[in-house]
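First up is the structure itself, then whatever we jot down about it.
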Amino acid sequence: MSRALSLLLAAALLAAALTGWRWSVVSQEFAGAQRIIGTLSAGIESRDKAISRLSAENQQSQKREAALRLMQGRASAAALTREAHIQRETDANPILREWSAAALPDDVVRLHARPAFASARDYLDWLSARDKLPGAGK
């Protein structure tokens, strides 16, 4: 009986030792998981702050855009009013009406003529080709 009791006691001690060892391993894994959770929580918090900041910036940008659109509308209305006033003044004076209806001189038209450029190189070639000085012998 004492032999069975000692075997039972040895088995209980062995089970307690295995349970303690396993508890130690699980505790270490739990601590590692807690560290990972802390790191991920910090990342999520950082992401949430960035989202909040970007959302606030977006709202401010939308407010500024709305204000600019309102200013643009007011400026467009003022420009149309000014253009209508100028047109009325021009139409009221026959001399001014004839002058404004006359064609521009060829030199002025040439000053305003710009060829279509496909690249910066085309523009540079156009600049270098125009207004070349005549040779010294001419």
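Below, all heavy atoms of this structure are taken into account, side chains as well, without hydrogens, waters or symmetry copies.
Residue Leu70 places its CG atom among more than 12 non-hydrogen atoms of other residues, nucleotides or ligands, all under 6.0 Å distant.
A heavy-atom distance below 4.5 Å is not found between the side chains of Ser61 and Glu57.
Every residue meeting the side-chain contact (heavy atoms from CB on, under 4.5 Å) condition with Ile37, not counting sequence neighbours, appears here in chain and number order: Gln34, Ser41.
Listed by first and then second residue, the salt bridge (Lys or Arg N to Asp or Glu O under 4.0 Å) pairs that reach into residues 19-46 are Glu45-Lys49, sequence neighbours excluded. Legend: side-chain hydrogen bond (donor to acceptor under 3.5 Å, both in side chains) pairs involving residues 71-88, not counting sequence neighbours, sorted by first then second residue: Gln87-Asp91.
Rounding to the nearest 0.5 angstrom, the gap separating the CD1 atom in Ile95 from the OG1 atom in Thr90 is 13.0 Å. Rounding to the nearest 0.5 Å gives a distance of 11.0 Å between CZ of Arg69 and CD of Gln62. One finds the CG atom of Leu14 at 11.5 Å from the CG atom of Leu7 (value rounded to the nearest 0.5 Å).
Remark: the backbone N or O of Trp23 is paired with a side-chain donor or acceptor of Ser27 at under 3.5 angstrom.
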